[in-house]
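Given the structure is predicted, the values throughout are model-derived calculations rather than measurements. Proteins come first, then strands; the chains are lettered A, B, ... in the order of their sequence lines, and each starts at number 1.
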Number of protein chains: 2
Amino acid sequence: MREALTAAASRRVTRPAPLRQAVYDALAELIISGSLTPGQHLVEAELAEHLGVSRQPVREALQRLQTAGWVDLRPAQGAFVHSPTEDEAAQLLGVRAVLETYSAQLAAQNAEPEDVERLWELQQDGVEALAEGDVKRLVAANTALHDFITSVAGNAVLAELIGQVGQKVRWYYTPIAKPRGKEAWNEHSRLIEAIAKGDADRAGEIMRSHTERTTDFYRRQLPAGTSQD
Amino acid sequence: MREALTAAASRRVTRPAPLRQAVYDALAELIISGSLTPGQHLVEAELAEHLGVSRQPVREALQRLQTAGWVDLRPAQGAFVHSPTEDEAAQLLGVRAVLETYSAQLAAQNAEPEDVERLWELQQDGVEALAEGDVKRLVAANTALHDFITSVAGNAVLAELIGQVGQKVRWYYTPIAKPRGKEAWNEHSRLIEAIAKGDADRAGEIMRSHTERTTDFYRRQLPAGTSQD
DNA sequence: CGATTGAGTTCTGTATACAGAAGCCTGTAT
DNA sequence: ATACAGGCTTCTGTATACAGAACTCAATCG
């Protein structure tokens with residue numbers, strides 16, 4: 001009984017909901033959605049007024065945004081929305097590939113039958129979205145599938161890094177990238193089969209080529225010649 | 001002339017040295033060195049007084065420390081030094097292995113002759129430290145070698161992640177881990193040879209087994225049976 | 001007419017002040 | 001003696017105030 005209470009206490013019903021967190025989420029959303037353009041100067045007072053809070057929570061949120069790589073904090077000049085270079089985008093894709101590969105390997109080692117079942121459900125969801133041409137749902141299904149594989153992998157550190165890197169990749173390629181089509185979901189299908197068999201090497205290899213194809217797919221859509229900056 | 005001045009201006013002589021950065025470094029140092037033990041409650045006012053600043057820069061530093069995973073910020077309760085579980089430590093080692101492997105592959109692809117030369121110098125340094133039994137120098141040489149490989153890899157995103165993960169790994173295993181001996185430096189030697197040849201697959205494979213041996217080496221030194229928490 | 005220097009303005013960096021919540025200790029009642 | 005309740009203390013969360021640095025723009029000099 002006592003342990004039950006202790007466990008219950010660890011999940012408080014009401015979160016005090018710190019303002020800095022709300023501010024962080026709001027700013028991240030503004031950056032990812034493109035409302036704040038790369039290189040833009042973020043004036044603390046303006047943000048504070050716009051969000052209806054004081055400068056203090058804004059500053060704390062900016063600190064976290066810097067560590068997460070969303071803004072650059074120049075001393076005595078304030079915060080600027082991070083401007084990713086093409087180099088950085090390419091590097092992000094490379095890192096994501098190895099992390100996702102590892103994720104697939106672990107998932108294959110740890111997957112329980114019910115996990116595999118859930119994977120097939122998610123796969124089915126994506127295939128349906130593809131057939132209906134529902135782009136938004138297709139993107140969501142793709143994210144859901146990859147996220148679930150990561151959760152099956154059971155490595156929280158890995159999940160955290162994949163989340164960070166993936167968000168940045170999505171941000172950078174959102175303006176130009178359309179989701180990949182039928183081919184990608186065929187690859188998913190083979191991937192799930194490998195995970196179901198517990199074949200870590202094969203799952204990793206499939207994920208590796210899968211993310212590399214996605215990388216090529218993105219790169220091919222890049223606008224040519226913004227290489228000056 | 002004008003360009004020369006512009007270039008010179010980009011490297012300011014005196015950095016305004018924001019306090020929050022100094023505070024961040026100081027606190028990180030205190031945590032890594034063990035002066036602040038895991039789970040310990042960090043009272044802002046105490047830290048501020050101890051460092052001779054106000055609470056404001058302390059709070060900003062704590063935000064960054066949280067995002068970097070060094071402290072946990074509980075709402076309305078303040079900051080606590082992060083307590084890594086054994087699971088987390090194991091996960092860190094796994095992630096580090098794949099990142100280092102990727103790093104070695106890239107390094108093999110990009111290495112110039114002068115890079116290889118520098119690698120052999122660092123290798124030599126480590127071998128000498130090993131022969132002299134200079135533990136501190138040995139650890140430094142090992143870090144320097146791995147860091148240089150990462151820099152040759154030329155992926156800043158990767159370097160950032162390896163840095164973060166590596167620091168955490170070192171922190172967690174510092175109390176118990178002694179550096180590996182001759183075997184590790186033989187592996188380094190074969191690794192450099194592969195990089196010199198530009199053989200990415202082989203370099204990656206050597207790095208993979210190298211980090212896995214290190215992982216096993218660490219795990220074997222773990223105190224048995226703290227598995228209850 | 002162009003470059004440069006200076007004052008004025010704006011914004012950041014830091015400190016201080018205050019309100020609210022969480023934890024602790026004490027006192028009382030059973 | 002123990003358990004509970006209430007007040008008290010401490011700490012966090014947020015807001016405001018002030019000093020200093022950086023940028024801007026205009027006026028002056030070459």
Can you tell me the distance, in whole Å, between the CG atom of A:L47 and the P atom of C:dC11? 11 Å

Is the phosphate of C:dG23 approached by B:Q77 (side-chain N or O, under 4.0 Å from OP1 or OP2)? yes

Which of residues 56-72 of chain A have a heavy atom under 4.0 Å from DNA chain C? A:R59

Axis-to-axis angle across the helix from C:dC1-D:dG30 to C:dT30-D:dA1, five pairs an end, to 10 degrees? 10°

Per the salt bridge (Lys or Arg N to Asp or Glu O under 4.0 Å) rule, what does the pair list look like for residues 134-158 of chain A, sequence neighbours excluded? A:D125-A:R137, A:E128-A:R137, A:E132-A:R137

Less than 4.5 Å apart, side chain to side chain, heavy atoms only: is that true for B:E160 and A:Q91? no

Under a 4.5 Å cut-off applied to non-hydrogen side-chain atoms, are A:Y218 and A:V169 in contact? yes

So with a 6.0 Å cut-off around NE2 of B:H50, is the heavy-atom count from everything else above 12? no

Atom CD of B:E49 and atom C1' of D:dT10 are separated, to the nearest Å, by 15 Å

Under 4.0 Å between a side-chain nitrogen and a carboxylate oxygen: does that hold for B:E60 and B:R64? no

May I ask you to evaluate whether B:R55 reaches the phosphate of C:dT16, defined as a side-chain N or O under 4.0 Å from OP1 or OP2? no

Atom CD of residue position B:E49 - does it have more than 12 heavy atoms of other residues, nucleotides or ligands inside 6.0 Å? no

Residue pair A:H188 / A:H146, side-chain heavy-atom distance below 4.5 Å: yes

Nearest of C:dT14, D:dA15, D:dC11 to any side-chain atom of A:V53? D:dA15

Tell me: CG of B:L42 to P of D:dC11, nearest whole Å? 13 Å

Distance-only, no hydrogens or angles: does the B:W171 side chain make a donor-acceptor pair with backbone N or O of B:I31 under 3.5 Å? yes

Please check the phosphate of D:dC11 (OP1 and OP2 only) for any side-chain N or O of B:H41 closer than 4.0 Å. no

Rounded off to whole Å, could you give me the CD-to-C1' distance for the A:E44 and D:dT14 pair? 15 Å

Which nucleotide in D:dA22, D:dC11, D:dG13 has an atom nearest any side-chain atom of A:R20: D:dG13

How long is the line joining CG of B:L19 and C1' of D:dG20, in whole Å? 13 Å

Going by heavy atoms in the side chains, are B:H210 and B:E100 under 4.5 Å from each other? no

Could you give the CZ-to-C1' distance, from B:R74 to D:dT12, as a whole number of Å? 13 Å

